[in-house]
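Following: one structure in structure tokens, then a few remarks.
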Amino acid sequence: MSELWAPPAGATEPVVSAFARAAGLPGASYDALWRWSVEDTTGFWGAVADFCAIAWDTPPDAVTDGAPMPGTRWFPGGRLNYAAQVFRTPRTGLAVVGHDETGAAGSLTWAELEAQVTALAATLARLGVGKGDRVVGYLPDRPEAIVAFLAAVSLGAVWAGCGTDLSADAAGARLGQLSPTCLIAASGHHHRGRWIDRTADAAALRKSLPELRATVLVGDGHVTDETTLGWAQAIAGTERTQPLPVAADHPLWVLFTSGTTGPSKGVVHGHAGVVVEHCKNLGLHQDVRPGDQYFCYTTLNWMMWNLRVGALLRGATVHCYDGAPTPRALWQVAEQGQLTHLVVSPGYLGATRAAGLHPAADFALGALRVVTCTGSVLTAELHSWAAEQLGPEVLVGSSTGGTDVVSAFAGSVPTVPIRAGEIAVRCLGVNLQAWSPAAEPLVDEVGELVVVASLPTMPLGFWNDPDGSRYRAAYFEDFPGVWRHGDWITVSDRGSVVVHGRSDATLNRNGIRMGSADICQAAEDLPEVAEALVVGIEEPGGGYWMPMFVTLAGGRDLDNDLAATVQAAVRDRVSPRHVPDEVIQAPGIPHTRTGKKLEVPVKNILIGRTGAVQRDAVDEPELLSFYQRVGEDRRRTRGGSR
């Protein structure tokens, strides 16, 4: 594959090189550094913690307790707080910059951020929020969400958030699992020039959470009572609190899986693991430095929101955006914010190209150093286009990771060349391999993405999974003692990685991941729809096709009005970002013989992998020919096969 970018001669020393020198490996190649990081786990992660100046209240007794995965405990005996790490060093300038479609979003200096966080924490404490309680947010991507998160975790409370692009039902299905003590909810968000009022959803969500003691409301239009506070009131007090030191593995937040096969699972991560991993990922791999300007388009539904907040740990300014990712919008954020780092999805790059935009020519991007593409597979063609558009001064890379570890398994690093369609390196500390079904490591062959040694941000467990059985079944059932992630990958002999797509049915539109269960439920709640199945197809050139197949009740035929009704139901009940591209009437939905919808096999059939489906495992195998014809018609219409 062609080389798109190489480390420039005479450039400022990358953070990863400074780390290697501090760790006693000056001048080491990346390959040597990676091998050390996976062979000497204690030495490597201890060096990362030292290099990032972790603000321990009580230093840990060891890096790990020596237990094998998945039972490894990281930094046992240590005490710290994520919020204390953010504010450990006095800083000047802006900490958080808000952008929205109106240009009216606010910004906070470091002093203002700390003042709001400590004031809100004191308010929450006065309302009865304490260590171990759950504080949940129903918020757009604005500075208030970052303040709310930091205030909650500074008290030792556990944070979880959903974006206001989710309906009350979809948000409640996630947040309600936690029996939260406090809800922080906004009145709406911006989308394509419109204000989307969510006051009714916020009220409905509040009613669905019976153990709430208090609610803090952001924005106008809410109906309030004696147990609610407005945002201005909640951050206006003069009382202040200091972050509470908690155990290294004290729960920091709960992130939710996409809900592909049922209700979303709550994934729990701890304070120390997240602090150390995010300092490593953002510092050593993304080369984020104090004073940098960092932005990733995301919502609170996606782990990238959590990773992006981690740029505060590096002393960078974090940018937020409340609005739709139209082809010009995110480049305008990059220009206005003089971003040094921009994280977008392949879908966004494809939309930029389709709109005829030329980012470096059409926008003032002189400060930009790193563009990272994540959320789905970045094709070689689109990768080459983006690198050509942005020029040799900008590292255009890609990464792969997940909600499960709230970070990346593989990504870029500023000391290794970037090649089209490849993820440049396996991340430091991540013993990632491609395995055959017989558990044999593969090189230059497609295999399952596995991680064979524990990582600091592997989950503490799933919420409401006291014996850990659901957690073990999710990742360790196929290869006992080894993490199987659910991606098909190739690891080259150079250590680069190519991702070939998910081996499950998670939908990835515009880099925002969503399971099919919520989307199908919205359609199936309509009286006309008997059953629905939705899949997402990565197409050549960076496209993404998301059809929904429906069977109808009462012998009805699908017409334009009913198709629009189905799409509106998904938009209103779930998310406008996951409305199906088209609704197709099907003669039936195929299932396994135990009744599970065949989402992955249908996806494989639609892209031409008919041999991937075992017909004898299907309840009505004659249905498969219908999906095969739909796939063939789609590929013919687009002018070629996959």
Side-chain angles (χ1 to χ4, degrees), residues 4-5 97 99-101 141 163 165 191-192 281-282 285-288 292-311 316 318-360 362-365 367-391 394-401 408 411-412 418 420-421 423-424 499 508-514 538 541-544 577:
L4 301 181
W5 178 90
V97 176
H99 304 262
D100 68 19
E101 294 182 349
D141 184 27
D165 57 321
H191 187 74
R192 295 190 179 277
N281 179 283
L282 291 156
H285 285 278
Q286 298 190 46
D287 204 43
V288 176
D292 278 347
Q293 307 295 312
Y294 191 93
F295 172 63
C296 168
Y297 175 73
T298 185
T299 72
L300 274 73
N301 309 319
W302 193 22
M303 55 77 59
M304 290 304 298
W305 186 89
N306 304 72
L307 179 59
R308 191 194 62 194
V309 172
V318 169
H319 292 250
C320 311
Y321 178 64
D322 172 18
T326 57
R328 297 186 64 86
L330 306 188
W331 300 112
Q332 288 173 333
V333 170
E335 179 180 73
Q336 294 163 5
Q338 286 298 287
L339 299 184
T340 57
H341 293 73
L342 173 64
V343 184
V344 293
S345 69
Y348 187 74
L349 293 180
T352 299
R353 181 174 62 177
L357 296 176
H358 304 281
D362 297 340
F363 304 90
L365 305 178
L368 197 60
R369 298 199 320 265
V370 179
V371 172
T372 301
C373 209
T374 193
S376 58
V377 176
L378 177 61
T379 64
E381 178 190 16
L382 192 57
H383 196 172
S384 297
W385 175 86
E388 179 183 356
Q389 289 292 317
L390 292 167
V394 180
L395 186 163
V396 180
S398 61
S399 68
T400 187
S412 59
I418 304 290
I423 301 175
V499 179
N508 286 281
R509 170 170 281 170
N510 295 323
I512 306 298
R513 304 176 78 184
M514 173 66 72
E538 297 87 4
Y544 194 79
R577 293 186 174 92

Gap between atom CZ of R369 and atom CG of L390 - 0.5 Å precision: 14.5 Å
Taking the side chain as every heavy atom from C-beta outward, state whether C296 and L307 have any pair of such atoms under 4.5 Å apart. no
Using modelled atom types and a 3.5 Å cut-off, is there a donor and acceptor pairing between side-chain atoms of Y348 and backbone atoms of L330? yes
Smallest heavy-atom separation, P346 atom then L382 atom, equals O-CD2, 3.2 Å
Nearest heavy-atom neighbours spanning N281 and A408: ND2-CB, 3.6 Å
Here the gap from E101 atom CD to D322 atom CG, rounded to the nearest 0.5 Å, amounts to 7.0 Å
Which atoms form the tightest heavy-atom contact between P327 and T352, and what is the distance? O-OG1, 3.9 Å
Closest approach of P359 and Q389, non-hydrogen atoms and distance? CD-OE1, 3.5 Å
Member of T372, V499, I418, I423 meeting the side chain to side chain contact (heavy atoms under 4.5 Å, CB included) criterion with S398: I423
Taking only residues two or more places apart in sequence, or in another chain, which ones meet E388 in a salt bridge (Lys or Arg N to Asp or Glu O under 4.0 Å)? none
How far does OG of S399 sit from CD of Q286, to the nearest 0.5 angstrom? 7.0 Å
Validation row: V396, L4 side chains within 4.5 angstrom (heavy atoms): no
Nearest heavy-atom approach of T298 to W305 is OG1-N, 3.3 Å
What one should report as the nearest heavy-atom pair of W385 and L357 is CZ2-O, 3.7 Å
Tell me which one of V288, V97, T340, V370 satisfies side chain to side chain contact (heavy atoms under 4.5 Å, CB included) with Y294. V288
Nearest 0.5 Å, what's the CG-CG distance between N306 and L300? 7.5 Å
For H383 and G421, indicate whether the former's side chain and the latter's backbone hold a donor-acceptor pair under 3.5 Å. yes
Going from OG1 on T326 to NE2 on H191, what distance comes out if it is rounded to the nearest 0.5 angstrom? 9.5 Å
Do M304 and Y297 have side-chain heavy atoms sitting under 4.5 Å apart? no
H341 side chain to D292 main-chain N or O, any donor-acceptor pair under 3.5 Å? no
Working for side chain to side chain contact (heavy atoms under 4.5 Å, CB included), residues V394 and W5: CA-CA 8 Å; V394 180; W5 178 90; over 6 Å; no
Could you tell me whether H99 and Y321 have their ring centroids closer than 6.0 angstrom? no
Any side-chain heavy atom of L378 within less than 4.5 Å of one from L349? yes
Flag, side chain of D141 to backbone of C320, donor-acceptor distance under 3.5 Å: no
